[in-house]
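Heads up: the structure comes next, in structure tokens.
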Amino acid sequence: MEVHIPDLFDLKKIADSGQCFRAVSRPDGTYRFITGDQVLYIQKAPDGCYRVSCSQEVWDRVWRPYFDLERNYREISAAIPEKDAFLRRAAQAGAGIRILRQDPWETLVTFIISQRKSIPAIRSVVEMLSERYGTAVHVSGETLHTFPTAAQMRDVGEEDYIACKAGYRAPYLCDAVEQVLSGRLDLEKISALPDDQLIAALEGVRGVGVKVANCVALFAYGRAACAPVDTWIRKIIQQEYRGRNPFDRYGAAAGIMQQYFFYYAQSHKAETA
DNA sequence: TATCAGGGCCTAG
DNA sequence: CTAGGCCCTGAT
């Protein structure tokens with residue numbers, strides 16, 4: 001099937017954006033995304049069209065929200081003040097990135113893993129967890145594994161996580177599983193909370209600090225006002241904004257601006273180092 | 001082969 | 001509030 005996407009949309013930038021850790025590309029330009037038990041193959045076609053492997057119904061129900069297609073990024077970018085030259089440059093470079101709306105459980109777990117790890121290292125842990133504890137699905141001639149649910153991780157022990165290279169984060173993962181299964185943390189229910197309370201609730205999990213909590217709020221709950229500050233963003237604040245955090249000024253779109261910064265830093269590593 | 005930092009967080013002082 | 005420590009990987 002084919003879909004038309006009029007807004008800024010760039011598969012490579014999305015896959016490399018560091019929000020999701022399971023997206024892969026093929027030599028022919030096809031990208032594969034996985035969320036929940038859904039798998040999507042998507043390839044660019046002329047005139048803002050894309051060939052997708054799913055039905056219209058699944059596209060509308062699953063992937064449109066996943067790619068945040070209801071939001072107009074062209075408008076948001078155009079609204080960046082001329083004065084903020086660095087952000088304009090970053091937004092230009094990152095044009096086509098979307099804030100993905102991912103599954104809260106998967107996002108929570110993957111960002112607990114992410115701390116003090118490089119993106120390739122995160123990918124390999126996430127992939128190993130999926131292979132061992134997720135559900136096998138057969139699509140398009142390949143066997144994939146969904147990301148394991150909390151229930152599927154019920155009996156996984158610290159040693160098992162360590163075997164998956166989670167390192168010192170192993171007890172954090174056990175705590176996350178325990179809290180979700182016991183209902184002490186209800187990932188569905190907290191979606192109704194305002195940003196600050198949502199973040200506070202997430203911080204109740206061991207190994208979840210302000211940075212990881214903000215990532216989950218932004219990349220799973222669509223809280224675009226939340227802007228996670230990591231080492232890269234910190235560098236930018238130091239070098240480009242004289243140590244003054246600019247995100248307060250960006251208001252409801254702060255998280256999107258953060259993504260532009262992050263992408264810019266990632267793709268200009270040599271210069272910013 | 002050795003070294004270093006990587007999308008931080010916890011604990012102690 | 002600030003400093004170490006942490007478990008392991010990928011990059012040089």
Side-chain angles (χ1 to χ4, degrees), chain A residues 13-24 90 93-94 97-100 102 104 106-132 147 156-179 185 199-221 223-224 226-241 243 245-247 250 254-273:
Chain A
K13 289 179 192 171
I14 293 166
D16 293 341
S17 67
Q19 302 172 63
C20 58
F21 300 100
R22 304 196 64 197
V24 295
I97 291 176
R98 316 290 300 187
I99 300 295
L100 300 180
Q102 304 182 82
E106 175 173 349
T107 309
L108 175 63
V109 172
T110 56
F111 280 89
I112 288 173
I113 292 166
S114 79
Q115 60 186 99
R116 204 93 173 89
K117 272 188 180 299
S118 60
I119 290 174
I122 301 164
R123 283 178 184 278
S124 82
V125 179
V126 172
E127 218 41 55
M128 217 177 305
L129 285 178
S130 303
E131 247 169 60
R132 294 195 182 183
F147 188 82
V156 181
E158 287 189 21
E159 332 75 54
D160 303 313
Y161 292 126
I162 287 169
C164 293
K165 314 298 182 190
Y168 64 84
R169 306 158 196 79
Y172 303 163
L173 298 178
C174 288
D175 185 53
V177 171
E178 202 277 320
Q179 288 210 35
L185 176 63
I199 285 169
L202 292 166
E203 283 180 328
V205 178
R206 264 179 73 79
V208 177
V210 57
K211 190 300 191 158
V212 169
N214 271 279
C215 284
V216 178
L218 179 61
F219 302 140
Y221 292 96
R223 302 302 176 90
C226 297
V229 176
D230 58 42
T231 53
W232 296 102
I233 304 300
R234 198 157 289 137
K235 251 183 231 173
I236 288 176
I237 293 174
Q238 287 310 320
Q239 295 178 0
E240 307 292 338
Y241 294 91
N245 186 323
F247 290 109
Y250 302 154
I256 297 170
M257 305 313 167
Q258 184 272 359
Q259 271 303 281
Y260 289 143
F261 282 158
F262 183 76
Y263 182 84
Y264 190 86
Q266 289 283 309
S267 50
H268 292 74
K269 270 183 193 170
E271 301 157 44
T272 55

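Per chain, numbering begins at 1; letters A, B, ... match sequence-line order. Because the structure is predicted, anything quoted here is derived from the model rather than measured.
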Would you please name every residue forming a side chain to side chain contact (heavy atoms under 4.5 Å, CB included) with R234(A), sequence neighbours left out? V229(A)
Sequence neighbours left out, what passes side-chain hydrogen bond (donor to acceptor under 3.5 Å, both in side chains) with T110(A)? Give chain and number order. none
Could you write out DNA chain C as dot-bracket? Rules: Watson-Crick or G-U wobble, both distances under 3.5 Å, brackets [ ] for crossings, | for pairs with another strand, dot for unpaired. ||||||.|||||
Heavy atoms under 4.0 Å, any strand shown: does R169(A) hit a base, just sugar-phosphate, or nothing? base
Using side-chain heavy atoms (C-beta onward) and a distance below 4.5 Å, is S17(A) in contact with F262(A)? no
Closest heavy-atom pair and its distance - I237(A), P246(A): CG1-CD, 4.0 Å
Could you list the residues that satisfy side-chain hydrogen bond (donor to acceptor under 3.5 Å, both in side chains) with Q259(A), not counting sequence neighbours? Q19(A)
Which is true for K165(A) with a 4.0 Å heavy-atom rule: it touches a base, it touches only sugar-phosphate, or it touches nothing? sugar-phosphate
State whether T231(A) places a side-chain N or O below 4.0 Å from either non-bridging phosphate oxygen (OP1 or OP2) of dG8(B). yes
Residues two or more places apart in sequence or in another chain: which of them pass ring pair (Phe, Tyr, Trp, His ring centres under 6.0 Å) with Y260(A)? none
Tightest non-hydrogen contact, residues E106(A) and F147(A), listed as OE1-CB, 3.5 Å
With heavy atoms under 4.0 Å as the rule, sort F262(A) into base, sugar-phosphate or nothing. base
Sequence neighbours left out, what passes side-chain hydrogen bond (donor to acceptor under 3.5 Å, both in side chains) with E178(A)? Give chain and number order. R184(A)
Which residues satisfy the salt bridge (charged side-chain N to carboxylate O under 4.0 Å, His left out) test with E240(A), sequence neighbours excluded? none
Footprint ends on DNA chain C, 5' to 3', for atoms under 4.0 angstrom from a heavy atom of chain A, come out as dC6(C) to dG10(C)
Could you state the atom-to-atom distance from CZ of R234(A) to C1' of dA5(B) in whole Å? 15 Å
Which residue lies more 5' along DNA chain B, comparing G207(A) with K211(A) via nearest heavy atoms: K211(A)
If you take any heavy atom closer than 4.0 Å to DNA chain C, which residues from residues 107-120 of chain A end up in contact? R116(A), P120(A)
Show me, pair by pair, the donor-acceptor contacts under 3.5 angstrom made by side chains of residues 165-176 of chain A, not counting sequence neighbours?
residue	atom	partner	partner atom	Å
R169(A)	NE	I113(A)	O	3.1
R169(A)	NE	Q115(A)	O	3.0
R169(A)	NH1	A166(A)	O	2.8
R169(A)	NH2	Q115(A)	O	2.8
R169(A)	NH2	R116(A)	O	3.4
D175(A)	OD2	Q179(A)	NE2	3.1
D175(A)	OD2	R206(A)	N	2.9

In whole angstrom, what separates R123(A)'s CZ from dG6(B)'s C1'? 15 Å
Categorize Q258(A) for me: base, sugar-phosphate, or nothing, with a 4.0 angstrom heavy-atom threshold over every strand shown. base
Whole-Å gap separating P (dG8(B)) and NZ (K235(A)): 10 Å
Establish whether the base of dG8(B) is bridged to the side chain of Y168(A) by a donor-acceptor pair shorter than 3.5 Å. yes
Pairwise P distance, dA12(B) and dC7(C) [rounded to whole Å]: 15 Å
For Y161(A), report the nucleic acid contact type (base, sugar-phosphate, nothing); a contact means any heavy atom under 4.0 Å. nothing
CD of Q266(A) versus C1' of dA5(B): gap in Å, rounded? 13 Å
Would you classify V210(A) as touching base, sugar-phosphate or nothing, given that sugar-phosphate means primed atoms plus P, OP1 and OP2, and contacts are heavy atoms under 4.0 Å? sugar-phosphate
With D16(A) via side-chain hydrogen bond (donor to acceptor under 3.5 Å, both in side chains) - residues at least two apart: K12(A)
For R123(A), what residues pass the salt bridge (charged side-chain N to carboxylate O under 4.0 Å, His left out) criterion, not counting sequence neighbours? none
Which is true for E158(A) with a 4.0 Å heavy-atom rule: it touches a base, it touches only sugar-phosphate, or it touches nothing? nothing
If you look at every strand shown and take non-hydrogen atoms under 4.0 Å, does V212(A) touch a base, only sugar-phosphate, or nothing? sugar-phosphate
